[in-house]
Amino acid sequence: MTRQMTGAKMVVQALKDQGVDTVFGYPGGAVLPIYDEIFQQNDIRHILVRHEQAALHAAEGYARSTGKPGVALVTSGPGATNAVTGLTDALLDSIPLVVFSGQVPTFMIGTDGFQEADTVGITRPCTKHNWLVKDTDQLADTIHQAFHVATSGRPGPVLIDLPKDVQFADGEYTPPAKAKISHYQPKVKASIEEITDIVALIEKAERPVFYTGGGVINSGPGAAMLLRELVDATGFPITSTLMGLGAYPASGKQWLGMLGMHGLYEANMAMHGCDLMINIGARFDDRITGRIQDFSPNSKKIHIDIDPSSINKIIRVDLPVIGDVGHVLEDILKVWKSRGRKTADVSAWQKQIDEWRAVRCLTYKNSGSVIKPQYALQRFEELTKGMDRYITTEVGQHQMWAAQFLGFEDPNRWMTSGGLGTMGYGFPASIGVQLAHPESLVVNIAGEASWLMNMQEMGTAIQYRLPVKQFILNNERLGMVRQWQQLLHGERYSSSWSEALPDFVKLAEAFGAKGIQCSDPKDLDDAIMEMINYDGPVIFDCLVEKHENCFPMIPSGKPHNEMLLGDASTDGAIKSDGAVLV
């Protein structure tokens, strides 16, 4: 049943009807009518961030950890342009967001009015779709369409640009059931012929590997359960991209670890040497493939993805399958079981994989006098294993070490910026996660340089009493930049050392949070437990080795089976830069 109401009231009513309980935002003149409506109700809580970019990242953390779309509200002009980084981040990592931006009144559009920007034009390349609503009668229908587009098919961000006069004007409210969504209905089921072809390849493969990505997690918890059943039933090894960690448990017998530029030796070698690669919800991005012409040259390749534009975009595959991962996995299991659960003998392949595992590619030289970053994360993993734990990260060496040394048993527990690599993502994302899971331990693994990019969100954490933990691996360097400069740019360290860093303990105290600093390995366990047990926000300044490199590493331009390993690994020839080339 339609009802008359203002555009601003429609926004709030549509959010309620879509089941939204949390909005992240920052007010400004062009969205004050909506903020006034938010003030007059109690069903939706608004979280005041300190920067619009943080609103988007917090919404991403909320979405990634719950499976529900994140919602953000920003004003016109700089409010909208500050949101562009978060929109792009969500687009590349397939995170469902619905973002509302204020706009100058319709009669002022194009006049270069105060805080006017062409928000639709600016955000077109970094959203799944966007709308400029000029008619209040069309507003509710547009909002419901936006939620449908954001969450259907390959998830992603959408934006609705709202002129101020549209928010003030009256119009007819359309309920979700009457919204026009038939024009966007992505294909979710594969044909029986495609499923049968997949099963036939599974039955014959002697060196198979499952290559999984964030699409498994985006498909929902049922997809992860089906994946686990298929992997355990076939006995095939499985690896994952950075975004897919947790879809298959790290403790699982067939787990190879993460693959890619800083992935594990055994994972990358298995991808190179396999005769059947089953890509489930990953996109063959450059961090995985290395030099494209040398990527897994002798394998048959299956690619299961709900996004048709990802198929054959980078790597040509033998069997493309468009569909939702959950539906396709369910059908594969049905057909495979009906044909007798047949597989070839993969014992020789497993023996080869065990030999690659024996390289022990994550081995490093520990120290009794300085905290190695790998050791810090190993101790953190040991002390928090089994806890109700969610992890976010910033971007850099610490992010890769976290992916290597932390184990994830379930999906939606790992929030990181994969495609865009956004420094400053992790802290606001941890705020979004903590709001969604108030009783859980939420820890942001950070580097000091990344963390400083959105440090102002300590105010948000304090205001809303969010006990988020900021575990900063402080090497006083732009660590990944410095590593590349050492290995690839003749040790010319151009602008990669952080100078004039704050005292993080005093900074925490200035915000009203707890600050902890640790520099001695023997004090590390106690410091980590102090961070975990404190009932409030913590900044933990963990002073680590300044020039530690993150290995394994596929050098830029090299194939994915040529990796640099740390000199503590058991295979390869030591190079002058302290790495091992295998």
What residues form a side-chain hydrogen bond (donor to acceptor under 3.5 Å, both in side chains) with N444, not counting sequence neighbours? T392, E394, Q470
Restricting to side-chain hydrogen bond (donor to acceptor under 3.5 Å, both in side chains), what partner residues turn up for Y390, sequence neighbours left out? H437
Are [X] and [Y] close enough for a salt bridge, meaning some N to O gap below 4.0 Å?
X    : Y    : answer
D294 : R291 : yes
E530 : K514 : yes
R283 : D307 : no

Go through the steps for Q485 and S494 under the test side chain to side chain donor-acceptor pair (under 3.5 Å), then give the verdict. CA-CA 8 Å; Q485 288 172 337; S494 177; 4.8 Å; no
Please say whether more than 12 non-hydrogen atoms of neighbouring residues, nucleotides or ligands are located less than 6.0 Å from [atom1] in [X].
X    : atom1 : answer
E206 : CD    : no
K372 : NZ    : yes
R45  : CZ    : yes
M225 : CE    : no
N533 : CG    : yes

Which atom of [X] lies closest to which atom of [Y], heavy atoms considered:
X    : Y    : result
A436 : T66  : CB-CG2, 3.5 Å
H57  : G86  : CE1-CA, 3.8 Å
G260 : I288 : CA-CD1, 3.9 Å
L256 : L264 : O-CD2, 3.6 Å
W414 : L242 : NE1-O, 2.8 Å
L420 : T422 : CD2-OG1, 3.2 Å

Give the ring-plane orientation class for F380 versus F471, where under 30° counts as parallel, over 60° as perpendicular and anything between as tilted. tilted
Centroid separation Y364 to Y375 less than 6.0 Å: no
For [X] and [Y], indicate whether the former's side chain and the latter's backbone hold a donor-acceptor pair under 3.5 Å.
X    : Y    : answer
N412 : R64  : yes
D93  : G419 : yes
Y534 : A513 : no
K351 : V346 : no
S430 : F427 : yes
Q483 : C550 : yes
Q397 : E548 : yes
T88  : C126 : no
D275 : R207 : yes
T393 : Q399 : no

Can you name the residues that form a ring pair (Phe, Tyr, Trp, His ring centres under 6.0 Å) with [X], not counting sequence neighbours?
X    : answer
Y62  : none
H560 : H272, F295
F24  : none
W401 : none

When rounded to the nearest 0.5 angstrom, what distance separates [atom1] in [X] from [atom2] in [Y]?
X    : Y    : atom1 : atom2 : result
L435 : T22  : CG    : OG1   : 6.5 Å
L276 : W349 : CG    : CH2   : 10.5 Å
L230 : I278 : CG    : CD1   : 7.0 Å
N268 : I554 : CG    : CD1   : 4.5 Å
L245 : Q404 : CG    : CD    : 10.5 Å
I95  : D89  : CD1   : CG    : 7.5 Å

Evaluate Q486 against W484 for side chain to side chain contact (heavy atoms under 4.5 Å, CB included), listing each step before the verdict. CA-CA 5 Å; Q486 177 189 341; W484 279 50; over 6 Å; no
Any side-chain heavy-atom pair from [X] and [Y] closer than 4.5 angstrom?
X    : Y    : value
S296 : C274 : yes
E60  : L97  : yes
Y26  : Q53  : no

Partner of V443 under side-chain contact (heavy atoms from CB on, under 4.5 Å), picked from I532, V468, I391, T384, is I391
Taking only residues two or more places apart in sequence or in another chain, which ones pass salt bridge (Lys or Arg N to Asp or Glu O under 4.0 Å) with K522? D520
Run the side-chain contact (heavy atoms from CB on, under 4.5 Å) test against D525 and tell me which residues pass, sequence neighbours left out. R379, L383
Which residues pass the side-chain contact (heavy atoms from CB on, under 4.5 Å) test with K385, not counting sequence neighbours? E381, E382
Test: ring-ring contact (aromatic ring centres under 6.0 Å, His included). Region: residues 213-258. Which pairs qualify, not counting sequence neighbours? F210-F236
So the salt bridge (Lys or Arg N to Asp or Glu O under 4.0 Å) pairs with at least one residue in residues 432-461 (sequence neighbours excluded) are none
Kindly indicate, with the supporting measurements, whether the criterion side chain to side chain donor-acceptor pair (under 3.5 Å) is fulfilled by S94 and R154. CA-CA 6 Å; S94 305; R154 178 179 175 179; 2.8 Å; yes
Steps toward side chain to side chain donor-acceptor pair (under 3.5 Å) verdict (N454, Q456): CA-CA 5 Å; N454 271 316; Q456 75 283 342; 2.8 Å; yes
For H398 and S450: C-alpha separation, side-chain torsions, deciding distance, then whether side chain to side chain contact (heavy atoms under 4.5 Å, CB included) applies. CA-CA 10 Å; H398 61 275; S450 273; 4.3 Å; yes
Side-chain donor-acceptor pairs of residues 537-546 under 3.5 Å, sequence neighbours excluded:
unit_1	atom_1	unit_2	atom_2	d
D541	OD1	N474	ND2	3.0
D541	OD2	Q517	NE2	3.0
E545	OE2	H547	N	3.1

